[in-house]
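We count ligands from 1, going down the list as the structure has it; atoms in each ligand are counted the same way.
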Amino acid sequence: MEVCVVDLPKYGGVHGNMIGKDMLIFMFSTPGVWILLILIYVLTTFVFRKLCSISWKSSSSLPLPPGPCPWPIVGSIFQMGKLPHQYFAQLAKKYGSPIVHARLGHRHWIVVHSPETAMEVLKTRDMEFAYRAPSVFAEHFSFGYQNIAFRQHTDATWRHLRKLCATSLFATSSLRLSAALRQEEISTMISTIQSAAIKSGSTFLLKARPLMYETNMNMMSRMLFGKKYFGTAHSLGREAATFRIMLEQVVEESGKIHLGDLFPMLRWLDLQCTEKNLREQVRPAMEKFFAARISERKLQHHLDGGIREHTDFLDVLLSLKDGDTLSDICIMALLSDLMSGGSDTATVSVEWALSELIVHPNQLMKAQQEIDNVVGQYRLVQESDIPYLPYLHAIIKETMRLHPPVPLLIPHYSPITSHLGGYKVPAGSNVMVNAWAIGRDPNVWSNPEEFNPDRFLGVADTQFVGGKQFQLLPFSAGRRQCPGYPLAAIQVPHTLASLIHAFNWVPPAGQRSKDKNMNESFGLACYRAVPLEAAVSYRLKHVL
Ligand code: HEM
């Protein structure tokens with residue numbers, strides 16, 4: 001039998017099982033295949049683009065606002081640095097756009113930089129942008145989004161809580177009732193400094209921040225639940241120690257960037273162990289502290305036979321009836337919200353105002369003269385004097401223009417895809433207003449870097465809360481506008497007036513007025529990076 005030997009190609013015949021290099025060489029040397037491939041490529045690209053444009057158009061056919069090209073996965077986290085408001089202001093300048101965008105991890109940040117765009121976010125389309133983003137810190141600090149700051153504005157309880165604050169804590173009549181306790185705390189602060197001045201001869205070096213912070217905390221805790229934890233010997237028990245430790249933990253956690261917020265899919269891993277700390281240490285400590293305040297007050301109500309007069313906000317909250325009652329968890333969340341909302345912001349405002357006045361001695365002198373004319377030198381400033389001090393008010397407005405205590409406000413959020421100023425806002429974006437940048441914008445203010453309180457003489461206080469022009473936004477505006485504004489509008493000028501009325505403030509020896517270190521640090525509020533230190537001497541004829 002004849003055997004026909006066929007020399008097979010190494011990988012099989014043309015119509016056989018041909019794979020590998022030779023096959024590729026064969027394919028690409030055939031013009032028909034080339035044409036076919038090009039056709040397939042063109043077709044698929046066309047179909048893909050078409051499909052994309054259909055789904056893009058159904059959400060938004062607009063481009064993202066200008067911004068840096070993000071790194072894969074991390075986005076622009078490493079470019080942002082420690083002062084996000086300054087980073088975004090630079091981006092707005094670089095791209096010549098009042099709306100800029102950066103991606104940080106998984107989340108988009110859309111930041112607006114002009115009064116017009118701020119008005120669109122905070123007023124015109126307030127309902128769309130007044131949401132809050134879910135976040136690791138917010139979830140634990142607010143006992144599961146139970147407080148005002150992190151509850152959604154569409155929730156009826158959010159409206160109820162804001163209304164309760166407006167009618168029973170910050171209403172003019174309520175503030176009048178709590179005025180005496182604030183005066184006591186201010187007098188204590190002044191006499192503490194005065195004693196130190198007497199002890200050290202006449203002029204002494206003072207770091208005022210801790211004292212101002214403690215004074216504000218005492219005012220807040222007394223107004224909210226009738227107790228104080230700083231300063232005098234009788235308030236330094238175990239309860240005060242617990243309170244202070246809790247406070248330190250909250251401040252520390254609030255300043256952290258939680259990876260779970262930037263990469264929600266990795267949240268369960270808790271790579272930094274920050275969530276474990278929040279869940280197992282901070283939240284239980286807060287819960288234990290506030291639960292104890294609530295149960296001791298419930299006991300008092302019981303002993304008083306339900307006829308106790310309201311002495312503080314906790315009394316009001318525990319006396320709510322029928323459909324208005326709040327759960328204990330909600331009360332705890334509200335108390336901690338108000339404590340933290342009202343302490344750092346007021347402290348930071350007064351510290352920046354003092355810092356500016358120390359480097360502008362003529363303006364300090366003018367303010368002191370104004371106060372002397374109204375108050376004299378034989379008593380301390382009282383809240384009832386505040387309406388008669390227009391130059392002091394102008395100083396505070398000018399300070400908050402240059403140093404808004406919360407420079408990017410609290411981030412707003414868009415849960416759905418939306419648009420702003422002709423740009424796309426992807427679903428799940430943080431939408432932020434750069435109050436710091438608007439306050440320093442040369443298109444809005446003449447000589448914006450100059451500290452010139454006179455520009456605000458004769459300007460109504462309502463300018464503080466958005467006003468008509470949205471140029472000055474330290475308290476924000478619209479639905480989320482700071483509910484504590486009526487208190488801050490008394491507390492900040494009262495504290496500042498008392499300090500500059502009672503003392504002379506000059507830079508420490510060897511430091512000239514114009515050597516100003518106005519660097520900032522970013523946190524719950526935007527403090528001076530280096531706490532203010534000044535040489536202080538008592539200037540009143542009145543002795544405490
Ligand atoms: C100088 C003093 C203060 C400044 C500059 C200030 C500023 C602000 C800002 C910028 C916001 C964010 C608004 C937004 O998200 O658009 C805010 C919200 C808030 N502030 Fe203030 N604040 C001050 C004092 C207070 C005080 C005294 C309290 C209470 C005792 C308070 C309680 C709150 C609360 C609860 C919120 C959340 C409001 C919400 O989300 O609905 N603040 N504040």
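Ring geometry, Phe141 versus Phe150: the interplanar angle exceeds 60°, so the pair is classed perpendicular (tilted spans 30 to 60°). Relative ring orientation between Trp109 and Phe88 is described as parallel, the plane-to-plane angle staying below 30° on a 0-90° scale split at 30° and 60°.
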Distance-only donor-acceptor pairs under 3.5 Å for side chains of residues 451-458, two or more places apart:
residue: Asn452; atom: OD1; partner: Asp454; partner atom: N; Å: 3.2
residue: Arg455; atom: NE; partner: Glu398; partner atom: OE1; Å: 3.2
residue: Arg455; atom: NE; partner: Glu398; partner atom: OE2; Å: 3.1
residue: Arg455; atom: NH1; partner: Ser446; partner atom: O; Å: 2.8
residue: Arg455; atom: NH2; partner: Ser446; partner atom: O; Å: 3.4
residue: Arg455; atom: NH2; partner: Asn447; partner atom: O; Å: 3.1
residue: Arg455; atom: NH2; partner: Glu450; partner atom: O; Å: 3.1

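Applying the 6.0 Å contact sphere to CD1 of Ile257 captures no more than 12 heavy atoms from other residues, nucleotides or ligands.
Figure legend: cation-pi geometry between Lys256 and Phe137 absent, as NZ or CZ is not positioned both under 6.0 Å from the six-membered ring centre and within 45° of its axis.
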Contact table ligand 1 N or O to protein N or O, d under 3.5 Å:
residue: ligand 1; atom: 15 (O); partner: Arg132; partner atom: NH1; Å: 3.0
residue: ligand 1; atom: 15 (O); partner: Arg132; partner atom: NH2; Å: 2.9
residue: ligand 1; atom: 15 (O); partner: Ile410; partner atom: O; Å: 3.4
residue: ligand 1; atom: 15 (O); partner: His412; partner atom: NE2; Å: 3.2
residue: ligand 1; atom: 16 (O); partner: His412; partner atom: NE2; Å: 2.7
residue: ligand 1; atom: 16 (O); partner: Ser476; partner atom: OG; Å: 2.5
residue: ligand 1; atom: 40 (O); partner: Arg132; partner atom: NH2; Å: 2.8
residue: ligand 1; atom: 40 (O); partner: Arg480; partner atom: NH1; Å: 2.8
residue: ligand 1; atom: 41 (O); partner: Trp158; partner atom: NE1; Å: 3.2
residue: ligand 1; atom: 41 (O); partner: Arg162; partner atom: NH1; Å: 2.7
residue: ligand 1; atom: 41 (O); partner: Arg480; partner atom: NH1; Å: 3.3
residue: ligand 1; atom: 42 (N); partner: Gly341; partner atom: O; Å: 3.4

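For the 3.5 Å distance criterion, the side chains of His494 and Gln382 fail to qualify, holding no donor opposite an acceptor.
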